[in-house]
Engineer: 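The structure that follows is given in the form of structure tokens.
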Amino acid sequence: MNKKDYIKAVDNITAPQELLDRIEALVPPKKKKIPVWKTVTAVAACFVAVVIAFSGIFGGLSNGKLGNITAQNGSYGNVSFESPDRGTYDKLFSASDKTVYNQLSDTMNGTSSSVTTDRKIVKTAALHIKTNDYESFMTGIKQKIEQYNGYVVQSQEYNYDNKTDRNANMKVKIPADKLESFIEELSSMGTVTSKTIGSDDITNSYIDVESRIKALETEQEALLGLMEKAESLADVISLQDRLSQVRADLEALKAQKQSYDEMVAYSEIDIDIREVERVVESDDTFFGEAKEKLMNNIYNLCDFFRTLAVNLIAALPYIAIIGTAAAVVIVVIVRKVRKR
Amino acid sequence: MTVFIKGKDAFSFAFKQFTDTVYRIALHNTSNFSDAEDVTQEVFIRLLETNKAFRDSEHIKAWLIRVTINLCRDKMKKTSRETLVDNVLPLKTNEEKPDVLEAVKALSENYRNTIYLHYYEGYTAKEIGKILGAKESTVLSWLSRGRDALRKELDGGFDDE
């Protein structure tokens, strides 16, 4: 009887009202409705902001791209010309050096015209592909990568010693101008279940790096020229100081430019390859769906018979033993019956 | 298609449906009312904080039960370390015969929770196993051992009749 008492006793336990209140208070109350005038003001403010932004962009564009470069380099120019070495520069500059100085500042201000202006786009893509012929797909893809002068950055294969459900993940670099046709060719080799192509415009950062390299190179030349004319040891030391700093900066910037070039020249593609027993094209119409389901069932039926056959063959040794035993028993029984 | 419920929706649903369940389990696994209330509140705070998406009400309930038991365990560890001897209230004192509820509470953690979940909430051994993370056979043995222990404590045993 104690079970009923227990249930009754537990029934009597209910959370006290004070606790319920505490828990209910955990959720912050719903936000108050925002008055209409606030909404109107907010919308108007957004509109004004958009108008200002647009006029800013178009105003900026009318100044041309080089205008942007000037802005980017302005800060750099300040750094180098207001450095403590300025005194040295001034002392060392003679009238004939003024031209070098002017050239230098011209470059710093970006009036030099040799800066890249075509767009630098980094393209990336991701593909999910299903195939029912894993091995030939994998050889095919490797051939295609070679054919397109691409290379594999990373490749992982799972379950590769099994003969079903294998999958692989590849990170591949392909020359950017051939990205589309590469993807098209891959698509024709298997069934693409998802395809993402993205691009990232790095023109601004690229131009920034390029013009900083230009400016630093000019400064390096100027510094070397000044070095030859330097008279006191202190001058040489301070010039050398600056020179080594410029060289280090140059190295870093050049490396960065190289990596940008690489990124622009080669597109990275993430390919996910999955092995399936058969690829089903989905069709949303009534008959299409019916056909798909019918094919599924026929396939399953075939699969069932196939499994059955395999198991029967596998069971042959047992069947042989049991069959022999059964035959012996039947023969014995038949003989007994006949004797009677 | 499965519709998932999460965040504040899960909270308000659980608050309406399962506050008593959580409180009852908390009372089974702590030594006094105030701890049980703290744990109950904490469980709902966890529910608000979690990003988990729940499939259905059973999923929420199972999650709440698991969290409640875990929080009670933490609470009891802390309490035993602090050796707090404040309002330790017996749930209900019945002078004539030992209280069933007290007897169940006196069992060890797995036994009492299994007894509660099976006899009060009506879960099967398999479901309890899923909630508590144990095998069905283990749950069955907890259940029978819990029943044996109760039989010793209470006259009349702990049977269906």
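No experiment lies behind these values; they were computed from the predicted model shown. In what follows, every chain begins at residue 1, and chains take the letters A, B, ... in the order their sequences are listed.
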Engineer: Rounded to the nearest 0.5 Å, what separation is found between the CG atom of B:Leu154 and the NZ atom of A:Lys3?
Structural biologist: 14.5 Å
Engineer: Do other residues, nucleotides or ligands put more than 12 heavy atoms under 6.0 Å from the NZ atom of A:Lys144?
Structural biologist: yes
Engineer: For A:Leu19, is it the side chain, the backbone, both, or neither that has a heavy atom closer than 4.5 Å to a heavy atom of chain B?
Structural biologist: side chain
Engineer: Atom CZ of B:Phe44 and atom CG of A:Leu26: how far apart are they, to the nearest 0.5 Å?
Structural biologist: 9.0 Å
Engineer: For A:Glu18, is it the side chain, the backbone, both, or neither that has a heavy atom closer than 4.5 Å to a heavy atom of chain B?
Structural biologist: side chain
Engineer: Step by step, work out the side-chain contact (heavy atoms from CB on, under 4.5 Å) result for B:His28 and A:Val10.
Structural biologist: CA-CA 10 Å; B:His28 272 73; A:Val10 178; 4.1 Å; yes
Engineer: For B:Phe11, is it the side chain, the backbone, both or neither that has a heavy atom under 4.5 Å from a heavy atom of chain A?
Structural biologist: side chain
Engineer: So which part of B:Ile45 gets closer than 4.5 Å to some heavy atom of chain A, the side chain, the backbone, both or neither?
Structural biologist: both
Engineer: Is A:Arg22 reaching over with its side chain to a backbone N or O of B:Gln41, donor-acceptor style, under 3.5 angstrom?
Structural biologist: no
Engineer: Got B:Phe15 and A:Leu20 here, is their nearest side-chain heavy-atom distance under 4.5 Å?
Structural biologist: yes
Engineer: Measuring from B:Ile115:CD1 to A:Tyr6:OH, what's the distance to the nearest 0.5 Å?
Structural biologist: 7.5 Å
Engineer: Sub-3.5 Å donor-acceptor pair from the side chain of B:Asp20 to the main-chain atoms of A:Thr14, do we have one?
Structural biologist: no
Engineer: Is there a donor-acceptor contact under 3.5 Å from the side chain of B:Arg24 to the main chain of A:Ile13?
Structural biologist: yes
Engineer: Tell me, do A:Pro16 and B:Tyr23 make a side-chain contact under 4.5 Å, heavy atoms counted?
Structural biologist: yes
